[in-house]
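Chain identifiers are assigned alphabetically (A, B, ...) following the order of the sequence lines, protein sequences preceding nucleic acid strands; residue numbering begins at 1 within each chain.
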Number of protein chains: 4
Amino acid sequence: MSTNSPRWETEEQQPSGADGRTLTSRGVRTRGAILEAAESVFAEHGYHDASIVKITEAASVAQGTFYLYFESKQQVFNELVRDLNRRVRHAMSERAAQARTRAERERLGFRGYFEFVAEHPALYRIIRQAEIVAPDILREHYERISKGYVDGLRAAMATGEIGESDPQVLSWILMGIGEIVGARWVLWGETDTVPDDVFENVMRFIERGLASREEM
Amino acid sequence: MSTNSPRWETEEQQPSGADGRTLTSRGVRTRGAILEAAESVFAEHGYHDASIVKITEAASVAQGTFYLYFESKQQVFNELVRDLNRRVRHAMSERAAQARTRAERERLGFRGYFEFVAEHPALYRIIRQAEIVAPDILREHYERISKGYVDGLRAAMATGEIGESDPQVLSWILMGIGEIVGARWVLWGETDTVPDDVFENVMRFIERGLASREEM
Amino acid sequence: MSTNSPRWETEEQQPSGADGRTLTSRGVRTRGAILEAAESVFAEHGYHDASIVKITEAASVAQGTFYLYFESKQQVFNELVRDLNRRVRHAMSERAAQARTRAERERLGFRGYFEFVAEHPALYRIIRQAEIVAPDILREHYERISKGYVDGLRAAMATGEIGESDPQVLSWILMGIGEIVGARWVLWGETDTVPDDVFENVMRFIERGLASREEM
Amino acid sequence: MSTNSPRWETEEQQPSGADGRTLTSRGVRTRGAILEAAESVFAEHGYHDASIVKITEAASVAQGTFYLYFESKQQVFNELVRDLNRRVRHAMSERAAQARTRAERERLGFRGYFEFVAEHPALYRIIRQAEIVAPDILREHYERISKGYVDGLRAAMATGEIGESDPQVLSWILMGIGEIVGARWVLWGETDTVPDDVFENVMRFIERGLASREEM
DNA sequence: AATGAATGAGAGTTCATTCAT
DNA sequence: TATGAATGAACTCTCATTCAT
């Protein structure tokens with residue numbers, strides 16, 4: 001079984017101004033500074049209390065500058081969620097690519113996920129606000145991660161490594177587990193990563209849950 | 001094994017005015033009307049777009065009246081989340097109490113949960129905003145539900161019905177699954193409940209995941 | 001010929017809040033203060049430089065109070081133009097009603113018009129901005145005054161007092177004359193009314209212009 | 001009586017940079033492009049909504065370039081009004097120059113005026129904003145046209161072709177008529193010129209109004 | 001001569017909260 | 001107990017203008 005093709009990976013995009021124009025290098029830098037500032041301000045204060053003033057102050061630019069690069073507060077939020085989605089999928093793929101077996105792959109994917117959340121707690125806090133602020137973008141986010149799981153699960157079912165089951169449902173289960181465990185032990189916990197024993201418990205649960213009947 | 005004691009059930013509270021004074025029956029009625037109005041307005045518009053004007057209009061009282069019963073918008077939100085927590089635990093307990101076996105208990109608890117979400121989608125949408133708006137209340141919410149699971153899981157481990165594992169971790173896994181499946185199939189789906197086949201897939205996954213090694 | 005029925009007269013309206021609710025006497029007073037302030041601020045600074053801050057400061061109320069009584073800056077402007085229209089027609093009708101002959105009627109109508117402009121120069125300056133800011137309301141304004149003239153002209157043609165001509169065209173001519181003379185001698189001039197000799201020149205021109213051929 | 005000397009005609013000016021420096025031919029071209037763009041943008045959006053961005057985009061130059069040729073938005077507006085004034089007087093003179101009699105001269109002047117408005121409705125809309133935006137320039141505009149009329153009227157009075165009257169007052173009356181008729185039938189009407197019957201009605205009114213007593 | 005990124009004051013508007021009645 | 005007018009700070013966003021390149 002081929003285990004080294006990235007499962008959640010995706011394409012890149014190229015930054016432009018609020019009106020779609022291409023940017024000079026100075027512009028790219030400024031845009032990046034605003035995006036970074038927005039990331040941390042959204043994470044700290046939440047969407048609504050993250051004012052343009054706070055964001056531009058954090059980016060050390062004037063208020064008006066914000067609107068040279070983004071159409072609105074909403075748009076920069078959407079972009080951040082999409083960005084987060086790309087990065088988290090990249091983190092998972094990169095880790096999973098090192099796996100030698102199917103089971104290892106799942107483990108490494110989750111590890112990658114938890115590491116990402118641990119490294120970008122701020123950024124990850126953002127997504128939990130999207131339900132109200134940008135529901136479409138949020139579903140897009142879940143769908144994309146789900147798709148990465150579905151592809152892997154389907155392949156593993158084909159080889160009999162895991163039991164037959166609806167891969168769609170399984171993919172959402174896995175996301176649900178990842179999300180709440182990430183929230184509980186990384187975002188809210190005092191630890192800066194998921195403790196090993198917790199991780200082992202989680203993975204054991206998942207492996208049993210996925211197991212084919214014969215294995216049981 | 002005793003299966004009929006409610007696992008998630010909890011205590012009630014007694015309404016009072018914003019300054020803690022006890023209420024006349026008229027006051028109790030007004031307070032209730034505002035709370036109800038707040039529930040639907042928060043659910044429809046989200047915390048920030050739910051203005052006091054909208055709430056008081058929906059409750060058919062003057063703006064000032066709101067502050068006779070609640071200290072702030074934040075406080076009424078907190079109260080709603082706590083209320084929601086009580087109700088969802090009640091729904092789960094009530095269902096689970098009908099179970100005859102441990103496994104059935106899990107199934108019925110989940111059924112109860114999904115039914116509650118299905119019946120109060122509006123209300124349930126509220127909780128997903130609490131992460132930022134009232135993080136402490138949100139964790140309290142999760143901890144309470146978690147505790148209900150932990151008690152049951154511990155008992156089941158003692159009798160060997162399920163494998164040994166950290167019940168804390170398992171409880172969060174179960175919550176994570178419940179939440180995302182509820183969101184995906186009830187809140188965002190067109191169906192007004194979790195479809196049977198999805199439910200079966202979920203429960204099979206959970207039962208295997210929880211199984212004791214000997215069973216496998 | 002009946003000359004004592006008001007030709008430009010019209011109906012009154014009853015003030016209400018921005019959301020249509022009826023007002024207490026305190027509310028009526030506040031609303032009036034804002035309207036009055038808006039009138040003078042619009043007149044002095046023009047629509048665009050008349051900020052809500054300036055208006056509310058002039059009315060000695062807080063900024064938010066403005067929005068209790070008016071939906072927007074645009075709406076209060078529209079209301080002022082409509083109000084102006086009602087008042088100017090009232091002023092003309094009132095004067096014209098004292099006339100004993102057709103010719104006197106024209107004279108008195110114009111007098112009334114010039115007096116009104118002289119007494120409310122501020123208010124009258126407003127209308128000249130409406131072309132861009134509220135074109136529909138402006139046309140409504142002209143149409144209503146025009147109608148007042150047309151009725152009178154048609155009656156005078158029927159009795160042969162003035163020559164046959166398209167009353168629509170004549171009414172616009174009369175408005176054009178009134179407007180520019182009012183602007184030139186009252187708004188921009190140092191005099192606070194149209195000087196007698198100018199008035200006589202204007203009226204002579206109009207009377208000849210309207211005269212029936214036989215008279216010539 | 002001499003009828004062929006242009007009555008409203010005037011002098012030209014020579015374009016220069018914002019700081020008064022003389023321009024290269026490239027500069028002259030750029031300046032012209034901006035002026036032209038400003039004309040159409042002001043006409044379409046009105047003074048305040050005509051942003052420098054819109055103007056420079058329409059002229060296909062960078063924002064900064066605007067300030068190489070004009071000191072401010074206000075200044076370019078002033079220049080446009082003055083330009084419009086020159087052009088409308090030119091149009092009237094050109095037409096009037098073809099007249100053989102005094103009466104024809106009036107008719108042709110008006111025709112020229114209406115044709116100009118019809119051909120440049122956009123441009124003419126600009127002037128109606130000047131009342132607030134550039135009152136001095138507007139009065140200058142009126143004074144100059146008035147002067148053209150006064151000269152002609154005085155000459156006609158001298159020869160007895162029209163009755164004795166204050167030529168200043170008459171000139172303003174004529175402007176008032178021209179302006180409102182132009183607005184009503186060209187700017188707001190669906191027709192793209194003043195209809196013949198309207199024109200005839202207007203001219204008949206004017207001719208009677210101007211007539212000397214003996215003629216009547 | 002031309003660019004376009006950057007500025008920052010100020011715009012209209014909203015809304016949680018207070019308080020006189 | 002209930003009202004609703006009033007507040008004013010804070011919000012998002014615009015735009016004339018400047019200036020380093």
Side-chain angles (χ1 to χ4, degrees), chain A residues 17-19 21 23-31 48-56 60-74, chain B residues 17-18 21 23-24 26-27 29-31 48-56 61-74, chain C residues 17-18 21 23-31 48-56 60-74, chain D residues 17-18 21 23-24 26-27 29-31 48-56 60-74:
Chain A
D19 52 0
R21 75 193 191 289
L23 302 179
T24 65
S25 69
R26 187 189 183 193
V28 172
R29 229 178 311 122
T30 305
R31 198 192 132 97
H48 277 95
D49 290 348
S51 66
I52 301 296
V53 176
K54 280 175 189 153
I55 292 172
T56 50
S60 299
V61 298
Q63 283 189 57
T65 306
F66 178 92
Y67 292 92
L68 292 178
Y69 299 100
F70 303 96
E71 276 167 17
S72 65
K73 186 180 161 184
Q74 175 75 61
Chain B
R21 78 197 186 290
L23 301 180
T24 66
R26 184 190 183 190
R29 231 177 310 121
T30 305
R31 196 191 133 97
H48 278 94
D49 290 349
S51 65
I52 301 295
V53 179
K54 280 176 190 153
I55 292 171
T56 51
V61 298
Q63 280 186 65
T65 306
F66 179 92
Y67 291 90
L68 293 177
Y69 298 99
F70 302 97
E71 277 167 15
S72 64
K73 185 180 165 184
Q74 175 75 60
Chain C
R21 76 194 190 288
L23 301 180
T24 64
S25 70
R26 186 188 183 193
V28 171
R29 229 178 311 122
T30 306
R31 196 191 134 97
H48 277 94
D49 290 347
S51 65
I52 302 295
V53 175
K54 280 175 189 152
I55 293 172
T56 51
S60 300
V61 297
Q63 282 188 59
T65 305
F66 178 92
Y67 291 91
L68 292 177
Y69 299 100
F70 303 96
E71 277 168 17
S72 64
K73 185 180 163 184
Q74 175 76 60
Chain D
R21 78 198 187 289
L23 301 179
T24 65
R26 184 191 183 190
R29 231 178 310 122
T30 305
R31 197 192 133 95
H48 277 95
D49 290 349
S51 65
I52 302 295
V53 178
K54 279 176 190 154
I55 293 172
T56 51
S60 299
V61 298
Q63 279 187 66
T65 306
F66 179 92
Y67 291 89
L68 293 177
Y69 297 100
F70 302 95
E71 276 167 17
S72 64
K73 185 180 164 183
Q74 176 75 60

| Interatomic spacing from CZ in D:Phe70 to CD1 in D:Ile55 - rounded to 0.5 Å | 9.0 Å
| field | Qualifying residues under salt bridge (Lys or Arg N to Asp or Glu O under 4.0 Å), relative to B:Arg26, sequence neighbours excluded | value | none
| request: Please determine if a side-chain N or O atom of A:Arg26 lies less than 4.0 Å away from the OP1 or OP2 oxygen of F:dT21. | output: no
| task | Ignoring the backbone of C:Tyr69, work out which of F:dG4, F:dA5, F:dT7 is nearest its side chain. | result | F:dA5
| At under 4.0 Å between heavy atoms, what does B:Arg21 touch on the DNA or RNA strands: base, sugar-phosphate, or nothing? | sugar-phosphate
| request: Pick base, sugar-phosphate or nothing for C:Arg29, based on heavy-atom distances below 4.0 Å to the nucleic acid. | output: nothing
| query | OG/A:Ser51 to CD/A:Gln63 distance, rounded to the nearest 0.5 angstrom? | reply | 8.0 Å
| message | Which residues pass the side chain to side chain contact (heavy atoms under 4.5 Å, CB included) test with D:Ser60, not counting sequence neighbours? | response | none
| request: Under the salt bridge (Lys or Arg N to Asp or Glu O under 4.0 Å) rule, collect the residues that match up with C:Arg21, sequence neighbours excluded. | output: C:Asp19
| field | Nearest listed nucleotide, side chain of A:Leu68, among E:dA5, E:dA1, F:dA5 | value | E:dA5
| message | Side-chain N or O of D:Arg31 versus OP1/OP2 of E:dA1: is the shortest distance under 4.0 Å? | response | no
| message | Does F:dA2 have OP1 or OP2 under 4.0 Å away from a side-chain N or O of B:Thr30? | response | yes
| field | DNA chain F: stems of at least 3 consecutive Watson-Crick or G-U pairs whose donor-acceptor distances fall under 3.5 Å | value | E:2-21 with F:2-21
| remark: In short, C:Gly27 meets C:Tyr69 closest at the heavy-atom pair CA-OH, 3.3 Å
| request: List for me each residue that meets side chain to side chain contact (heavy atoms under 4.5 Å, CB included) alongside C:Ile52, sequence neighbours excluded, and say none if there are none. | output: C:Thr56, C:Phe66, C:Tyr67, C:Lys73
| message | Counting primed atoms plus P, OP1 and OP2 as sugar-phosphate and everything else as base, spell out the protein contacts along nucleotides 11-17 of chain F at 4.0 Å heavy-atom distance: B, S or - for each nucleotide, 5' to 3'. | response | SSBBBSB
| task | Identify the heavy atoms of C:His48 and D:Asp49 that sit nearest to each other, and give their distance. | result | NE2-OD1, 4.0 Å
